[in-house]
Amino acid sequence: MRTIGRLASFDRGFGWIKAMESPAQFPLVFPSLITPGKAMPGLGSVATVVEIEGTSYLLGETAVRQSGLVLEPGLREDEHLSSQSRLLAISTLALLAGGEGSHAFYVVAGLPHILMDSQASHLKAMLQSVRQVQVTVARGVHRYSCTISVLDAVVFPQGLGIAMDFCLDHTGKPHDTIRFPYAVDGRLVMTGADVLRRDFLVIDIGFNTALTYALNDMEPVARFCRGGYRGMAHAYQQVGQAVRGKEPWAVQELIAAGKMQRSDYEWAYRALADQLNGQIAGYKHPFDFYLIGGGGGAALYPYLLPGLNNKTLASEPQLANSRGFLKAGRQRWRDSLAAVGA
């Protein structure tokens, strides 16, 4: 008999962690950084400190502020298997747990598809090794201790999560109706099952990666599944060097806060999009439609695929992979999750 547990998605990018759990579906988004450190007098109300098996760490934005790191070490291809990644996974699950007690999870994790062959089985084993880990969380004035376990885990490629989120409803079943603002094979309305049978390309733009992931009748098409380590951070870096001499994280925050003029950064967005446009044009393949997601999806959407109208921006693009993983997890562990109404 399976143990009853909650469902969680854990999508660690090379810049940000995106995670949520069912049934609450409370999203977490924070920088992929955890560093040894303790709470200091005067740390603000948003500071996050975790103690894992007796060792104290600063997490997310708190770690970035206090350490001054900009996540360049995270570009190592084996980073998802590092001790830091395990600590980030444990911390994320403890934040999702949200309170005292013993919490068990079924976890769907994401990897860039270019790392699936070399790392997926190892990442799964790493997650499954999390058993009865003692964690104390101090997030602002909220503090609690809990025990975290992973009952089972599965690893999916990033990009597939965006497709799953687009095609599946909250129960993990195909949508009854998906409406397109353009005709796909002469049709403006399809079911999720119909869409899953189409030939389409997912463009997943992250902080440090930009990936394309092609599906034809739900089979990945390897020659169109490509990517590299040049995402939004590259554009932010170019802007920082040209305008203010600031690091990518600082430029991103300035843009998000509306403290930079569009003319200061739009040229860098266009340059990054043009690289992707050239790559996709090189595929020389007429996809039925293009689905754009990832944390940089909304920013680059206006500049991608000029002259084509069959492109769609994923809903809440930064969370689309994580939300799609959650939907797929509902199908995989349906019986156990039904026992707790997840």
Side-chain angles (χ1 to χ4, degrees), residues 2-13 16-36 47-63 74 79-111 120 122-140 142-156 158 161 319 321-330 332-333 336-337 339-342:
R2 289 182 175 179
T3 304
I4 294 175
R6 294 153 67 180
L7 174 63
S9 60
F10 173 70
D11 182 26
R12 184 195 174 183
W16 297 84
I17 284 175
K18 289 78 62 179
M20 56 186 69
E21 65 96 12
S22 180
Q25 299 186 54
F26 175 71
L28 291 174
V29 181
F30 59 90
S32 301
L33 189 64
I34 185 169
T35 61
T48 303
V49 182
V50 293
E51 183 178 295
I52 301 174
E53 297 180 324
T55 301
S56 180
Y57 301 92
L58 306 177
L59 181 66
E61 292 180 357
T62 303
E79 181 61 25
H80 288 81
L81 307 180
S82 67
S83 58
Q84 182 180 89
S85 192
R86 187 174 189 272
L87 292 170
L88 283 167
I90 293 169
S91 301
T92 300
L93 294 175
L95 289 173
L96 290 173
E100 302 278 343
S102 182
H103 303 270
F105 292 92
Y106 296 97
V107 179
V108 186
L111 268 180
H122 302 293
L123 177 58
K124 177 179 178 178
M126 182 269 280
L127 291 167
Q128 290 175 323
S129 73
V130 176
R131 296 296 173 95
Q132 296 294 307
V133 177
Q134 304 295 317
V135 186
T136 298
V137 177
R139 198 175 195 191
H142 187 40
R143 181 183 177 89
Y144 58 89
S145 296
C146 59
T147 301
I148 300 298
S149 296
V150 174
L151 301 172
D152 197 6
V154 64
V155 180
F156 287 143
Q158 293 166 351
L319 296 174
N321 263 315
S322 185
R323 197 168 47 233
F325 293 156
L326 209 63
K327 292 177 179 181
R330 288 195 184 97
R332 184 177 183 88
W333 295 295
S336 295
L337 297 171
V340 291

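Nothing here was measured: the structure is a model prediction, and the numbers come from that model. Heads up: numbering here begins at 1 and tracks the sequence. All values below were derived from every heavy atom in this structure, side-chain atoms included, with hydrogens, water molecules and symmetry-related copies excluded.
A donor-acceptor pair is defined here as one N or O able to donate and one able to accept, closer than 3.5 Å; no such pair exists between the side chain of Tyr57 and the backbone of Leu88. Of the possible donor and acceptor atoms, none in the side chain of Thr48 sits under 3.5 Å from a partner among the backbone N and O of Arg139. Not a single donor-acceptor pair under 3.5 Å links the side chain of Arg6 to the backbone N or O of Glu21.
The distance from the OG1 atom of Thr35 to the CG atom of Leu87 is 10.5 Å, given to the nearest 0.5 Å. Here the CD1 atom belonging to Ile90 is positioned 12.0 Å from the CG atom belonging to Leu59, to the nearest 0.5 angstrom. We find the CD1-CD distance between Ile34 and Gln84 to be 7.0 Å, quoted to the nearest 0.5 Å. Residue Leu7 holds its CG atom at 12.5 Å from NZ of Lys327, rounded to the nearest 0.5 Å. Here CG of Asp152 is found 14.5 Å from CZ of Phe105. Values are rounded to the nearest 0.5 Å. To the nearest 0.5 Å, atoms CG (Leu123) and CZ (Phe10) are separated by 7.5 Å.
Side-chain contact check for Leu28 versus Met20: every heavy-atom pair is 4.5 Å or farther apart. Looking at heavy atoms from C-beta onward, Leu111 lies out of side-chain contact with Gln158 at the 4.5 angstrom threshold. A heavy-atom distance below 4.5 Å is found between the side chains of Phe30 and Thr92. No side-chain heavy atom of Ile52 sits less than 4.5 Å from a side-chain heavy atom of Gln134. Here the side chains of Val150 and Leu93 are in contact, with some heavy-atom distance below 4.5 Å. Under the 4.5 Å side-chain criterion, counting only non-hydrogen atoms from C-beta, Glu53 is in contact with Val133.
Side-chain contact check for Thr147 and Gln132: no donor-acceptor pair (N or O, by modelled atom type) lies under 3.5 Å. Under 3.5 Å, the side chains of Ser145 and Thr136 contain a donor-acceptor pair of N or O atoms. Side-chain contact, Ser322 with Ser9: a donor N or O sits under 3.5 Å from an acceptor N or O.
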Checklist line | Residue pair Cys146, Glu100: steps toward the side-chain contact (heavy atoms from CB on, under 4.5 Å) verdict | finding: CA-CA 5 Å; Cys146 59; Glu100 302 278 343; 5.9 Å; no
Note to self: Lys18 vs Asn321, test: side-chain contact (heavy atoms from CB on, under 4.5 Å). Steps then yes/no.
What the structure shows: CA-CA 8 Å; Lys18 289 78 62 179; Asn321 263 315; over 6 Å; no
Margin query: Quick one, Val154 with Arg332, criterion side-chain contact (heavy atoms from CB on, under 4.5 Å). Give me CA distance, side-chain angles, the key distance, then yes/no.
Written below: CA-CA 9 Å; Val154 64; Arg332 184 177 183 88; 3.8 Å; yes
Notebook entry, point to check: Given Val130 and Ile148, is the side-chain contact (heavy atoms from CB on, under 4.5 Å) satisfied, shown in steps?
Noted result: CA-CA 7 Å; Val130 176; Ile148 300 298; 4.1 Å; yes
